[in-house]
Peer 1: 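Take this structure, written in structure tokens, and hold onto it; I'll ask about it next.
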2 protein chains.
Amino acid sequence: MSRKTFQRLTLDERKRTLLEATLTCVAQQGLKGATVRRIAEEAGVTAGLVRHYFGSKNGLITSAYAYLIGQLTAEADTRARQSTGDANDQLRHFLIANMTMPNLSEEKVSLWATFIGRVRYETDFADIHREGYRDYLTLLESLIEPVLAAHGRPHGSAECRRHAIAVNGLIDGLWMEGSLNSGLYSRNILPDLVTGACERLLRLQEGSLSGGKQHT
Amino acid sequence: MSRKTFQRLTLDERKRTLLEATLTCVAQQGLKGATVRRIAEEAGVTAGLVRHYFGSKNGLITSAYAYLIGQLTAEADTRARQSTGDANDQLRHFLIANMTMPNLSEEKVSLWATFIGRVRYETDFADIHREGYRDYLTLLESLIEPVLAAHGRPHGSAECRRHAIAVNGLIDGLWMEGSLNSGLYSRNILPDLVTGACERLLRLQEGSLSGGKQHT
DNA sequence: ATTCTTGTTATACAATTGTATAAAAAATTG
DNA sequence: CAATTTTTTATACAATTGTATAACAAGAAT
């Protein structure tokens, strides 16, 4: 009876391995299927490591939620910054980043929803949600402000905040329903749809975000 | 050792009791806390009844999801129909119904999110989601069409569908973030915010939905 | 009243869960 | 190469879970 051979990893590598295994498990079968044993197997280790690195299963799950939120925001942020164009172009890229892969994915939305369901009764989750939401809103606000300015529209702090809340709602809703995609429409319409809708929300000139390829 | 005294209820009464107990439990502690025993206790019965009425725990949970979706849509639908005013007024009431109690509640959103997290990997949940979404979208479309017509704007089938998708996204997103309310803004701003945003999405005259009390 | 049906309780059980603890092996240090 | 550290495995255990089954009791039928 020889023991399993193994390799020691650095703290960060091992943690990331476990976090990603956790997300994989939760995405596949929900929290019910994400047992310590299954997660460990998915990560290629044994169950004891969870305690070693995260203290408890709950510590692992909580960290996995924060990890996911970080991924989502980072992706949209990066895509916006990669744009070399003007303010319109940056906002456009940000919007589209949320309506295309990898962010627009059934797996990501499933994970997100599963975790959101715990925000109400677990303070750890509530904290992560609040911070993530605040960051996202701030980022969106900072993208909207110069766009409004460039269009010669009012762009005070209160206005931007209000617009950011509405646009964020639009993004969240479309992201969710679009990812779960009930087969009622094609996902391909989402990028145009979100840019067009955002133009209207901000009362921009038609085509300023969608590049003139806009319907209706 | 005397047994628990009990009262026999009709099939519908008992089912509803169990469904509501289920939602209460899931809202309080998520699916993990919604054990057959806890649900039964909440309903004032013993665990065996779950099997008797719903076949299995999964049958109960699935039915509870359908029950919740029905409640949400019915409330918005009713509020829209209660309006005695014109098309604008009906759409306005529909929107507001989603931004006020009882639909705008942390409990309802928590429940909804928890269930949505299972849509991806359980066909029963996927079916319920798809149907509920389709119904909701159809209802919204039927409210939008006469509004566009009254404003002399294009109101073909494709246009209405497209608008309904966007408006639905807006509602979903605001409903969710507003209900979870991270303390970043007051819920009181949501009714005005959603009507104002919807006006813009549909490119209506300012104040047509919000009754002129609109900001920005 | 008595019988009959079936809604309801009570109990049992195998399976699974999270976690605590001890043993082993890998890498680091001297 | 020997000693040390600490990552990792392996095992054990109490608690909880969903469900199956049998006993019981409430209300309807006769």
Peer 1: Categorize Val50(B) for me: base, sugar-phosphate, or nothing, with a 4.0 angstrom heavy-atom threshold over every strand shown.
Peer 2: nothing
Peer 1: For the side chain of Arg3(A), counting heavy atoms from C-beta on, which of dG18(D), dG18(C), dA10(D) is nearest?
Peer 2: dA10(D)
Peer 1: Within the pair Arg14(A) and dT8(D), is there a side-chain N or O less than 4.0 Å away from OP1 or OP2?
Peer 2: yes
Peer 1: Relative to the 5' end of DNA chain C, which residue comes earlier, Gly48(A) or Gly33(A), by the nucleotide with the nearest heavy atom?
Peer 2: Gly33(A)
Peer 1: In whole angstrom, what separates Leu49(A)'s CG from dA25(C)'s P?
Peer 2: 16 Å
Peer 1: If you only use heavy atoms from C-beta on, which nucleotide in dT19(D), dG7(C), dT8(D) is closest to the side chain of Arg8(B)?
Peer 2: dG7(C)
Peer 1: Rounded to the nearest Å, what distance is computed from the CZ atom of residue Arg37(A) to the C1' atom of nucleotide dC13(D)?
Peer 2: 11 Å
Peer 1: In whole Å, I'd like the distance from the NZ atom of Lys57(A) to the P atom of dA15(D).
Peer 2: 19 Å
Peer 1: Counting only heavy atoms not in Arg81(A) (residues, nucleotides, ligands), do more than 12 fall under 6.0 Å from its CZ?
Peer 2: no
Peer 1: Which listed nucleotide (dA27(C), dT19(D), dA10(D)) is nearest to the side chain of Gln7(A)?
Peer 2: dA27(C)
Peer 1: Separation of Glu13(A) atom CD from dT8(D) atom C1', in whole Å?
Peer 2: 15 Å
Peer 1: Measure from NZ on Lys4(B) to C1' on dT8(C) and round the result to the nearest Å.
Peer 2: 9 Å
Peer 1: If you measure from CZ on Arg92(B) to OG1 on Thr195(B), what distance do you get to the nearest 0.5 Å?
Peer 2: 8.0 Å
Peer 1: To the nearest Å, give me how far apart CG (Leu18(A)) and C1' (dT9(D)) are.
Peer 2: 14 Å
Peer 1: Tell me whether the side-chain N/O atoms of Arg38(B) come closer than 4.0 Å to OP1 or OP2 in dT16(D).
Peer 2: no
Peer 1: Nearest heavy atom decides the nucleotide; on that basis, is Lys32(B) or Thr5(B) closer to the 5' end of DNA chain D?
Peer 2: Lys32(B)
Peer 1: Let me confirm one number: the OH-CD distance from Tyr185(B) to Glu177(B), rounded to the nearest 0.5 Å.
Peer 2: 6.5 Å
Peer 1: So if I take every side-chain heavy atom of His52(A) and compare against dA10(D), dT7(D), dA26(D), which nucleotide ends up nearest?
Peer 2: dT7(D)
Peer 1: Measure from the side-chain heavy atoms of Phe6(B) and tell me the nearest of dT19(C), dT9(C), dT19(D).
Peer 2: dT9(C)
Peer 1: Are any of the side-chain heavy atoms of Ile61(A) and Phe125(A) separated by less than 4.5 Å?
Peer 2: yes
Peer 1: Let me know the distance between CD1 of Ile39(B) and C1' of dT19(D), rounded to the nearest Å.
Peer 2: 14 Å
Peer 1: Which nucleotide, dT17(C), dG18(D), dT9(C), lies nearest any side-chain atom of Thr35(B)?
Peer 2: dG18(D)
Peer 1: May I ask you to check whether Phe115(A) and Tyr67(A) place their ring centers less than 6.0 Å from one another?
Peer 2: no
Peer 1: What's the closest nucleotide to the side chain of Tyr53(A) if the choices are dT8(C), dG18(C), dT7(D)?
Peer 2: dT7(D)
Peer 1: Rounded off to whole Å, could you give me the CG-to-P distance for the Leu9(B) and dT9(C) pair?
Peer 2: 10 Å
